[in-house]
Amino acid sequence: MALDVAGLRKNYAGNEVVAGLSFAVEPGTCFGLLGPNGAGKTTTLRLCLGLTAPDAGEIRLAGRPIPAEAQVARAKVGVVPQFDNLDPDFSCAENLLVFGRYFGLKDADVRRRIPALLDFASLANKAEARIATLSGGMKRRLTLARALVADPDIVFLDEPTTGLDPQARHLIWERLKQLKAAGKTLILTTHFMDEAERLCDRLIVIDHGRKIAEGSPRELIATHIEAQVIEVFDESSGRLPEFTENHRHLAARVELSGDTAFFYCREPQPLLAALAGADGLRYLHRASNLEDVFIKLTGRELRD
Amino acid sequence: MNRPGFFPVWQRNFLVWKKLALPSILGNLADPLIYMLGLGYGLGAMLPEIGGQPYIAFLAAGTICASTMNAATFEALYSSFSRMHVQKTWDAILNTPLGLTDVVAGELLWATTKSFFSGCAILVVVTAMGLTNGPLALLILPAIVLTGLAFAALGLIWNALAPSYDFFMYYFTLLITPMTLISGVFFPTDQLPGWLAAIGGWLPLAQGVALIRPLLAGHWPADALIHIMALLATSAVAFAIALRLTRRRLLK
């Protein structure tokens, strides 16, 4: 296993942030760690990297016990942190050079790798550019290139596309797929469900430090939720509550959120027929996705 | 060949400094020199000789020490803090095979290096003014390193405790400034009440002064070994405390 975690626990001031977490990541796969804000994702990553000691449980990263041999294990690991911490005093190329030194690499070896790394990050013409002149997407890509400087087997990514525009996100996804095709293990936290659905072979959903679901995105959708969703919106007609009450029996499950009703159905036709004749309501019929599973598992209330 | 883990951390800071080396040296040099020349010649003209040397020569030794202390302290407080807390450079390094000991040791040695540049710059000017006496002055160089090391280590303790930059002002007003006044930088400590002079004699700045002033005057310092050991012990203990506090802060 690239990463093997068993019975992991971590308390902060009596608050159990990670509460008995177990999972395993097979080499060469993309593994997702999903959960709402405060679910314990970042703490779990820090534990796995040996940056904080667990109160209980066992971790093996790249075959090494963590935190005992964390520094040895991290030689084969790259990390893309949630917040960019590129060196603002250096150019893009210097950032890679200086980071390579932290891995004990020779300057000549890193310099040889820099063009390919910048190319991978689509920053080939930015070698001498200062960090302050880069866009958010460019910084993320450089951070990804920096994580690859020592050619790691395992790459940790903590919310790699948060705050990026769609173009920048798609480019990052493209690159992550390339890494997976090259045989790297990716361990990813995100709260974008479309991102997890696209990239992850397997994922776990955690909440309050506990694992509440595990599987491939397809498995999770098949196990936890009805295949189809019809979202019905009230166009200020005020008819939604009444409509929902009268047609609740046509869906397996109905959820109300503000001016939208979510009808989770196995057989959508009767409800669609009813909607065709309903004035003042708009609707969207779609296949259910990972976000529906996530909301079902973790609830609709805000977490912040 | 296996390089020690602190080296790339030191090297990173050196690379940043190199980009701005000249203004940095001139900036570090200007302030202490103005004080030394102003007080040394202006005030010194009204003063008798101190221990057989003119006031400017007395003050020159004190200025080398105070300048070294200030450079080490400033680097270990403001600059280390911005790397640790603002830029999150330390977090980035901790994701690599390096550990916290490497990071803090690299910062310690870098702050020492920078204070060495500062102390040396003053020494060069002092030498050009003809205030050195013979080859013993060369031993001022390792004495600057020891003084810088102790203050770098002490500064890193305060850095580990700091919630923000404002916190550093207390370190200067409560520790550094009083220490400068009772360690024999500007005037001999026998001008002080006995108890205050006794406290002053224990402070790390006074240890540096006790080494550097005689060396500048051209003779071997009394109790040299005691002062050297005191500075080394201060450095070692302060570093151990700083490392522990930083670990509690960053790796909890």
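Order of the sequence lines sets the chain letters (A, B, ...), proteins ahead of strands, with each chain counted from 1.
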*asked:* Give me the atom names and distance for the closest heavy-atom approach of A:A75 to B:P97.
replied: CA-CG, 3.5 Å
*Are more than 12 heavy atoms from other residues, nucleotides or ligands located less than 6.0 Å from atom CZ of A:F83?*
no
*Quick one: list whatever passes side chain to side chain contact (heavy atoms under 4.5 Å, CB included) with B:A72, sequence neighbours left out.*
B:S115, B:F151, B:A152
*chain A contacts, top residue of B:I93, B:L250, B:V9, B:L20 (heavy-atom pairs, under 4.5 Å)*: B:I93
*asked:* Other residues, nucleotides and ligands only: do more than 12 of their heavy atoms fall within 6.0 Å of CE on B:M229?
replied: no
*Interatomic distance, B:L94 atom CG to A:L49 atom CG [nearest 0.5 angstrom]*: 10.5 Å
Between chain B and chain A: donor-acceptor pairs at under 3.5 Å:
| from | atom 1 | to | atom 2 | distance (Å) |
| --- | --- | --- | --- | --- |
| B:R3 | NH2 | A:L105 | O | 3.1 |
| B:R12 | NE | A:D87 | OD1 | 3.4 |
| B:R12 | NE | A:D87 | OD2 | 2.8 |
| B:R12 | NH2 | A:D87 | OD1 | 2.4 |
| B:R12 | NH2 | A:D87 | OD2 | 3.4 |
| B:K19 | NZ | A:E94 | OE1 | 2.9 |
| B:K19 | NZ | A:E94 | OE2 | 3.1 |
| B:L94 | O | A:R74 | NE | 3.2 |
| B:L94 | O | A:R74 | NH2 | 3.4 |
| B:T96 | O | A:R74 | NE | 2.7 |
| B:T96 | O | A:R74 | NH2 | 3.2 |
| B:P97 | O | A:Q71 | NE2 | 2.9 |
| B:L98 | O | A:R74 | NH2 | 2.9 |
| B:L250 | O | A:R46 | NH2 | 2.9 |
| B:K252 | O | A:Y12 | OH | 2.9 |
| B:K252 | O | A:T52 | OG1 | 2.8 |

*Using a cut-off of 6.0 Å, state whether more than 12 heavy atoms not belonging to B:Y35 lie near its atom OH.*
no
*Heavy-atom distances under 4.5 Å only: say whether A:I131 touches chain B with side chain, backbone, both or neither.*
neither
*When heavy-atom pairs shorter than 4.5 Å are enumerated against chain B, which of A:P88, A:G50, A:A70, A:G104 gives the highest number?*
A:P88
